[in-house]
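Each chain gets a letter, A, B and so on, in the order its sequence line appears, and its residues count up from 1. Quick note: numbers below take in every heavy atom, side chains included, and nothing from hydrogens, waters or symmetry partners.
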Amino acid sequence: MYESPYRRPLITGDDTTYKKISDDIIIPVEAKPTQWWYMGFAISLAFLALYVWAIGYLLWNGVGSWGLNKTVDWGWDITNFVWWVGIGHAGTLISAVLLLFRQKWRTAVNRSAEAMTIFAVVCAGVYPLLHAGRPWVIYWALPLPNTYGNLWANFNSPLLWDVFAISTYLTVSVVFWYVGLLPDLASVRDRATGLKKKMYGIFSFGWNGSAKAWSRFEIVSLILAGLATPLVLSVHTIVSFDFATSVIPGWHTTIFPPYFVAGAVFSGFAMVLTLLIVARKAMKLEDYITLNHIDVMCKIIMVTGSIVGSAYITEFFIAWYSAVEYERYAFVNRMFGEYWWSYWAMMTCNVITPQLFWSQKLRRNITAVFIISIFVNIGMWFERFVIIVTSLHRDYLPSSWAMYSPTWVEISMYMGSMGLFFTLFFLFAKYVPVIAVAEVKSIMKTSAEKYMKITLEKEKAEESAQHSHESHHA
Amino acid sequence: MNNSERKYWKSVDELNNTPAFQQEISSEFGQEIPVDEIIAENASVSSTNRRDFLKIFGFSVGAASLAACNTTPIKKAIPFLNHPAEMSPSIANYYASTYFDGNDFANILVKTREGRPIKIEANNLSSTTGNGVSARVSAAVLGLYDTHREGTKNPMIGGKEVSWADFDKEVIALLNDAKANGGATLVTPTLISPSAKALVQTFVAQFGAKHVVYDSISYSGMLEANQVTLGKAVVPYYDFAKANVIVSINADFLGNWGGGLMNIAGYSSRRKVNEEGNMSVHYHFEPALSLTGSNADFRSTYLPSNEGMVVAQLYNEVAKQTGNAGAGINGMEVAGNLVAAAAKKLVSAKGASLVVCGSNNKDIHIMVNNINKMLGNYGQTIDGVNALNIRQGNDTAAMNALNGINANSVVIFAGVNPVYTMGNGSALAKQIQGAKASIALVSGHDETSSVCSHIAAANHFLESWGDAEVREGSYSLQQPSISKLFNTRSLEECLLAWNGNSASHYQYLKDFWSASMFSKQSKYTTTDSFWRNSLNQGVLELTGTSSDNASMASFNANNIKGNAGGLEMVIYQKMGLGDGLQANNPWLQEMPDPLTKACWDNYLAVNPMYAKQNNLTEGDLVTVEANGYKVTVPVLMLPGMMPNVVALALGYGRTKVGKAGLNVGQNAYPFVSMMNGNRSYYVSNVKVAATGEHRKLAQTQTHHTIEGRSIVKETSLGTYLAAKKAGKHEEYNLRPHLLMKNEKGEHVKVNAFDETVTLWNKRKYPSHHWMMGIDLNACIGCGSCVVACQAENNVPVVGRQEVINRREMHWMRIDRYFTFRAKDGRAITEETEYGGEQYNYDGNVFREFKNDVADFSDVSVVYQPVMCQQCDNAPCETVCPVLATVHSDEGLNQMVYNRCVGTRYCANNCPYKVRRFNWFSYYDNPLFSDVNPAQTELGRMVLNPDVTVRARGVMEKCTFCVQSIQAGKLQAKKEGRNIKDGEVKTACQKACPSNAIVFGDVNDETSDIYKLVNSDRAYGLIEEIQVLPSVQYLVKVRNNDKNQA
């Protein structure tokens, strides 16, 4: 395929070879983890322990151990749920949509982004289960046959759609991710000895690297990408229906589906950046996750951030334009009510910070990108908090207006879900190549700095040869 | 090669076809199963030998017996050997009875199930309190099952339990000994029981004893005044139904003043706008905002010490206009010159007006009586002939008797708790401890009984016989609805025993009625039928005719002026706890105060401006000091207070009481001081000082205005009548509408509920369609319905902290909204205009005070009861993932507790926020064991067996008392008829003393509810969102047109 010589290389370094790629990416899997890894893993485990403790406390005492009340029946639980689900969206977008669009830069980030998706969905999925008053019967939300005759789930309820959306999402993501892992697991197997070889052998499903295997692999990847693509749109659309189909001012908004999807991609890319900026440094993968990758992702953040910002403004306009006093109040209350700080935190982080990425200098400044990506994560958390809590706490009847603040259980569960996420991520970084080795190799000839130079020189040589030839004839 | 002939084999054995292989494939299982061995009778053939058998046998038996060690609780349900004739399991029995605790009176029906009283309802046959019950009356049933009563299960002498025989022997000896020292002293609250009074007389005569009537709340100033003007020391009967003009000077007659409950029905019957557009007009003057004041058409405030001057002003105005001599002193006009306006209105309604006063000052009451006399109200709206028998305690006499307790005294306290309710309680406690003997008739220890030497374990009133004559000629009977839970006795039983009368109380009462009451009536010819019918009906009304028996009297003008000076404090009773007798009742503790919506505490109510000037915010702990007594209480900002007046409620700060009421709030009784020989319920020169500390207030509502939303629709009588006459209903009741194009392309107004507009299919209710209507004109906001609902539906009590967490479980609430008046006269309902509230997670405060509000003491109050609105298009139903809340074909929004998984989505999506979630396991979580009666064996007896006790994690809400609907339908079906209008009543409706709630089937076009929902004043709450609520409110009409002020 023709590759423009002016494209920036996706693999840097003058000595890129297939062997080097394998070594660079697989050696961290084979070597003993660094001290940093142990330290990070220990901290994550500590938070995971907090998570388990908080969940135990919650299950023992009841949802009353959270700070919710008669007016605000969802708080940090659903905020965190939506936040985690949203984060997952970048992974799917990178691995599915960008695959279909044949974006080569995705090869360096799709593995870890997808892993992030799965771990985020796991963290998210815990909330709908545990927010229920009686989690031990939450399976009633599934349309299972039962002894009550035709007692069925309520297909009108967006919560039920959530059940389907999230479970489908998790399943497809896991399958897609694992299928992508197969050739790399086989590479690890081929380099390993003893038990390790056996284990990786089992997990690589007997991958033999034959042309047939590669051909099937490509086909399956495409099929799964095709399946996953609608999920990028549908999952967060359905999550947004939880709010959009209600009657509560501030929730009852038709703009929610696109706004939520954009927000999800926005926050997802921010999380990918947060993770990879650390990972590329820690695992010395700067040659594979280059400034060019970061630059591209920053652009996506800027675009989706602008969509989200426009959505915020549109909401306000419609609230005013509708002339519905409850709607108007809900939005004024967001800005100037008791939770004004969460609104302005959201606006600052989500609307202003991504606009900084118009500057290429900032997009290619690792520190700046890292800080902004954290800001976006915070902003998107506040977005969900604003939507859920500020809409509920002052709805129709002022007599029921109330305030909500989380208890230590909710805070611990949130911190703890980070613990779960990072525990899984640390395990992932240790036991699985964090970059899709095979896929990166597939773009080496076209996008590695070394080969691009060779190509360029060759072309130049050809060009000058042709030029002299032509001039000769003239 | 021919492929079809190709042979494959699976193993070498198969290829070789060895005999071993042959055998192997013939058997299903690889190894032979020793069937013969297993079924062999001869055990020796089996490979299981004796030793193995014994091992296995031993293990099995051992394991089984170990497992059996874990005892599963066995609950025995023993059927009746002899089935009581009147009792069918699952069918409720109702017994007519009487409630009187010295403070509140009500004619009641006691609902019992399987022999357990579970609810108290109104006895509709009564003309005094037949319309409903108060919260305290409803809640009294819980007192029966109070575990605190277990502390006084048996009579006790010096802390040791004894038999009644021994107890009586010692008491009689003590009483006889006391004769020499001037006799024993029997202290009771006002007795309204004719039979008990007769027993007391015998007792007094027999033992040379003294009977002292001591009421926790004193009316003795009024009694003394009536002694002068009516010739008898009584509280007259006020007929609010006959009054076109009502002027109240600090008389909380809908709350705790006078007959309380007795006044509500009459009052609210005239507050409803009838066909002719008539309604009474109510002027109210008071220093602190009261329930009654909040319902007035015109209200103004004054300093408590100026009360006499305000009355004098009214006196002078009325005298001038009726041609009488003035009061002889200069009066004082209140803000808005309302006294003059009220006087004018009073004179225009001579004989149909009423002036009431809440003062306890004899001379002020004589002035009030003179005003009523000038207005010709005696014999019309005031019945001084058939007066009330309540509140007969004379302060001077009572104080002298109690302060005179000394080392030689033998004193009996029955139904009173003076150590708590008297100002100098601690001194009295020492005197009692020093007395020769002190006998307390008490049900569960209180402050007084815990310093007494003898404890006579008392009944609960639901275990006792008794009678009452609350008003001259208005008799009622009290009958037990359960046999005694403990070894206890009523006062009458004690007196019978001590008087040496061997008759049972029942026999005594029956004989007494046959002897004294039978002759007063002519309806029944035999004493037996008289007794049976009276008992069945509970009431015997023989009230005579009224006449003007009052005379003008002179008064001492020097006593009119109060002790002025400094900050003045009003000491009042709350609707929940009243005088504090029922402080251990968690239902009452958790009942939100109608005005402040606070529970589980008393607090210093102050005007928001006062708070601002003194740098106080809501919940700041302050010390309040006066009369040498000091308490530390939180501050609560209450508009409607006079700016330099604060208010503190009685009934709190109990120190010897069960777990629920222990140390809740602070005791305000010591602030009550004697003034001109009577107890005075205000103090001057109060010092309030901030402590710098903070205490969260438990309030169920923290936002106090409607934010300009049309949640409560309100109009004035003049506007209403004019617009109604002109057919312009939208002027007072604008319903949602849309502009739509008709066929000609013109825009026309279309009702928003028209079927052509909505996307939803209208639901069909072929059999019944239950709806509820609430007349906002009639509702006075008293909160009786809230407690009745709690009793009927087993609503859990959650305690102070959970109310602070905004998780009270009440299925219905009464929203209370304030409207302020701007300087330019506009009504202000938005927080951006008045200052609003601010949360610091500790509570809420009025933030900054905008100058727009003219005066925070000038406030208008509305009440709006809100329960599940049973929407036709219920937002909760569509969002539940498991169909735990579904619509019935009778218009009910049903909640299926068993199916609920607790996502709380329904509660979020409820526009009325009426759904309540079981955040904890309230019935067994130790966090709630102090407050939740359902956690003890005894307390559980109050639960209504028709209503599930909800588990943790389950949503609940009002069901329109579906259990009553089902019972009503079943009854009608059994009798083969249609259900009658008014046959099915919800708990709130039955409890409502002002008949504000109407419930019924709108498919029945003759029903009251059909008329109500089709009224021009009917509207649904936030109906513009098309949820089609089944509860309709009637627009509130105030009789406050400008020309009357």
Side-chain angles (χ1 to χ4, degrees), chain A residues 61-74 78 128 131-141 148 151-163 242 245-249 251-252 324-326 329 336 338 388 391-392 394-405, chain B residues 597 701-709 711 802 805-809 813 815-817 831 837-839 841 844 864 866 875 877-883 899-905 907-909 911-921 925 927 951-955 1021-1022 1024-1025 1027:
Chain A
N61 291 292
V63 190
S65 42
W66 289 348
L68 303 168
N69 55 49
K70 61 173 180 177
T71 308
V72 183
D73 285 87
W74 286 346
I78 304 300
H131 95 293
R134 302 200 291 167
W136 49 93
V137 290
I138 194 75
Y139 69 91
W140 286 350
Y148 304 106
L151 185 54
W152 210 231
N154 182 7
F155 289 93
N156 286 328
S157 171
L159 272 191
L160 190 74
W161 312 338
D162 261 357
V163 171
D242 285 346
T245 61
S246 79
V247 297
I248 301 301
W251 283 16
H252 183 71
V324 176
E325 61 177 326
Y326 307 112
Y329 184 87
F336 306 113
E338 305 299 337
I388 292 168
S391 306
L392 284 176
R394 288 186 159 198
D395 63 344
Y396 290 100
L397 300 185
S399 69
S400 297
W401 289 0
M403 293 295 286
Y404 157 79
S405 56
Chain B
K597 294 292 155 197
Q701 181 181 346
T702 53
H703 195 91
H704 308 300
T705 51
I706 56 170
E707 293 302 307
R709 301 176 176 187
I711 293 166
E802 285 300 286
N805 295 346
R806 309 300 299 268
R807 291 172 182 169
E808 76 278 0
M809 296 298 286
R813 58 174 198 257
D815 290 348
R816 184 270 297 116
Y817 297 110
E831 64 172 335
E837 67 199 281
Q838 171 185 302
Y839 295 92
Y841 299 103
N844 63 304
Q864 182 172 43
V866 179
E877 288 169 15
T878 51
V879 298
C880 176
V882 293
L883 289 170
R899 178 69 174 168
C900 178
V901 300
T903 67
R904 300 184 300 287
Y905 196 177
N908 281 333
N909 207 23
Y912 307 101
K913 292 286 173 279
V914 290
R915 287 178 159 264
R916 297 287 176 262
F917 186 67
N918 285 273
W919 299 100
F920 292 105
S921 187
N925 189 323
L927 272 177
R952 178 188 126 189
V954 166
M955 194 59 76
L1021 196 52
I1022 37 175
E1024 57 271 35
I1025 57 171
V1027 293

- Message: Given 3.5 Å as the limit, does a donor-acceptor pair link the side chain of B:R807 with the main chain of A:G64, or not?
- Response: yes
- Backbone N/O of A:H131 and side chain of B:R904: donor-acceptor pair under 3.5 Å: yes
At a heavy-atom distance under 4.5 Å, which candidate from [options] has the highest pair count against chain A?
options                  : value
B:V1027, B:L927, B:I1022 : B:I1022
B:E808, B:R915, B:R816   : B:E808
B:S921, B:C900, B:A951   : B:C900
B:R952, B:K913, B:E877   : B:R952

So which of [options] has the largest heavy-atom pair count under 4.5 angstrom toward chain B?
options                        : value
A:T71, A:I138, A:N61           : A:N61
A:I388, A:N154, A:I248, A:L160 : A:N154
A:G133, A:S391, A:G62, A:P158  : A:G133

Which region of [X], side chain (C-beta onward) or backbone (N, CA, C, O), has a non-hydrogen atom less than 4.5 Å from a non-hydrogen atom of chain A, or is it both or neither?
X      : result
B:P875 : side chain
B:N805 : backbone
B:Y912 : both

Spatial distance of atom [atom1] ([X]) from atom [atom2] ([Y]) [nearest 0.5 Å]:
X       : Y      : atom1 : atom2 : result
B:E1024 : A:E325 : CD    : CD    : 7.0 Å
B:W919  : A:S65  : CH2   : OG    : 10.0 Å
B:R806  : A:L68  : CZ    : CG    : 14.0 Å
B:K597  : A:S399 : NZ    : OG    : 9.0 Å
B:N908  : A:I78  : CG    : CD1   : 8.5 Å

Taking C-beta and beyond as the side chain, do [X] and [Y] meet within less than 4.5 Å on heavy atoms?
X      : Y       : result
B:R916 : A:K70   : yes
A:L151 : B:R899  : yes
A:P398 : B:I711  : yes
A:W74  : B:Y905  : yes
A:L397 : B:D815  : yes
A:Y396 : B:L1021 : no
A:W401 : B:T702  : no

- Message: Less than 4.5 Å to any heavy atom of chain B: does that hold for the side chain of A:D242, its backbone, both, or neither?
- Response: both
- Side chain, backbone, both or neither: which part of A:W136 has an atom under 4.5 Å from a heavy atom of chain B? side chain
